[in-house]
Amino acid sequence: MGFWTLSRYADVEAFLRAPQTSSAPPSDPLFAALRGGHDAPAMRSMRKWMAGKDGPEHRRLRRLVARALTPNAVERLRPEVHRIVDGLIDEMGEGEVDLIEQFATPVPIAVICGLLGIPIEDAWRCLEWTNAIANIIDPLITPQMRIAMNRAEPQFNAYIREQIELRRSHPRDDVLSMLMQKDADGDGLSDEDVVAQVLLLFNAGHETTLNVIGNAVHALLTHPEQLRILREHPELVEPAFEELVRYNATVQIIARQLTGDLTIDGTVIPAGSPVLGITGAAHHDPARFENPHLLDVRRQGVRSLAFGSGPHACIAAMLGKAEVSIALGSLLRRYETIEFATDEQQWHTRFHFVLGLTKLPLRVAFRR
């Protein structure tokens, strides 16, 4: 498909950190044509995403959005995440359950809606819209995806603008209100920019987190000795996060374009080249991790690339880590039994940059 590919940990990390690595959407006319053209609603939205900006404009957007996702802000959210997680476990109950549908999917969407101040009853509508728009990055996009994304974007756009107008008349203590505020220098986001960043928070904050939860539970159930360690030492759940996302990386591939020549281990990759960093392979590089094929929740010094690296590292990584750690900790604390309900698990089969389960049937029983 014309990509350069990197698979060693050191090479992928160097590529992600290089200043000549661009995350801007491809300028290839075919890319836009397959998505409805440069003026299609989804393409206009994508050009506003912080994740698709480089240089000063990226730093500006990141600075304005980061105000809402500081370490202190994430700490203040922890009690609410605990409440959401325990409420969903109560609803899921015991017996045979589907962890993806009943738990891993609603946890991040409830957290994001709470964060933004969006009514929970509108969560699934927003998720349907944002999932459709997210297909814009799929390299094997279909005409059906193109139609769905360009229908969904104006609907989501109109909905978020309604929420913005509500906050203009009645400001609230939520992230959407914060995104609308100017900083100390008088700089701020336009309404169009706010809508684009909210869309990005939905996409990045939902699919990644739900797949990390599902993949982590799957990994622990296939390594019962590691599950036993976390049950006996619940204080290890949060430190084990990096190892769990390393072992079954949710983000398997990160695609970028080069704005200048990049030398990797003596090989020059020319400017303009599309490059794939194979993070799934980098996480199993024996030059970086001893016995990389083994899951070891006590492994020290793990620094995964699950949330990227360099200037475009995920801005909500701390929130994602908190959500996953609280979710796993509560599952292990409240359920005495967690086991596969079937020998076959259903993984995503479509070509995609994300690894995750579509279903995870389990048998669970509460502690008595």
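Using a cutoff of 4.0 Å between basic side-chain nitrogens and carboxylate oxygens, Glu242 and Arg246 are not scored as salt-bridged. Between Arg8 and Asp11 there is a salt bridge, with a side-chain nitrogen of the basic residue lying less than 4.0 Å from a carboxylate oxygen of the acidic one. Ion pairing between a basic and an acidic side chain is recognised when a charged N comes within 4.0 Å of a carboxylate O; Asp191 and Arg168 show such pairing.
The other residues sharing a hydrophobic cluster with Leu258 are Trp4, Leu6, Tyr9, Val12, Phe15, Leu16, Val251, Ile254, Leu262, Ile264, Ile269, Val275, Phe289, Val302, Leu305, where clustering joins ILVMFWY side chains under 4.5 Å apart.
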Begin with the C-alpha distance, continue with both residues' side-chain angles, and end with the deciding distance and a verdict on side-chain hydrogen bond (donor to acceptor under 3.5 Å, both in side chains) for Gln102 and Asp98.
CA-CA 6 Å; Gln102 295 173 257; Asp98 178 2; over 6 Å; no
Carefully, step by step, assess Leu355 and Asn215 under the rule side-chain contact (heavy atoms from CB on, under 4.5 Å).
CA-CA 8 Å; Leu355 174 71; Asn215 291 1; 4.2 Å; yes
Working note: His293 + Tyr247, criterion ring-ring contact (aromatic ring centres under 6.0 Å, His included); need CA distance, chi angles, decisive distance, verdict.
CA-CA 8 Å; His293 56 292; Tyr247 183 78; 9.1 Å; no
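Sorted by first and then second residue, the side-chain hydrogen bond (donor to acceptor under 3.5 Å, both in side chains) pairs involving residues 355-367 (not counting sequence neighbours) are Glu339-Arg363. Residue pairs meeting the salt bridge (charged side-chain N to carboxylate O under 4.0 Å, His left out) criterion with at least one member in residues 66-80, sequence neighbours excluded: Glu75-Arg78, Arg78-Glu238, Glu80-Arg83.
Checking each of Lys53, Arg59, Arg60 against Glu57 for a salt bridge (Lys or Arg N to Asp or Glu O under 4.0 Å) leaves exactly one that passes, namely Arg60. When each of Arg298, Gln226, Arg299 is tested with Glu243 by the rule side-chain hydrogen bond (donor to acceptor under 3.5 Å, both in side chains), just one qualifies, namely Arg299.
Counting only heavy atoms from C-beta outward, the side chains of Val212 and Thr208 approach each other to under 4.5 Å. In this structure, Gln257 and Ser273 have side chains that are not in contact, with every pair of non-hydrogen atoms separated by 4.5 Å or more.
Aromatic ring centres of Trp347 and His218 lie closer together than 6.0 Å.
No more than 12 heavy atoms of other residues, nucleotides or ligands shown are found within 6.0 angstrom of CD on Glu128. For Glu232, the CD atom counts as densely surrounded, since its 6.0 Å shell holds more than 12 non-hydrogen atoms of other residues, nucleotides or ligands.
Of the possible donor and acceptor atoms, one in the side chain of Thr209 sits under 3.5 Å from a partner among the backbone N and O of Gly205. With hydrogens and angles disregarded, no donor-acceptor distance shorter than 3.5 Å links the side chain of His38 to the backbone of Ala32. The closest donor-acceptor contact from the side chain of Ser169 to the backbone of Leu166 lies under 3.5 Å.
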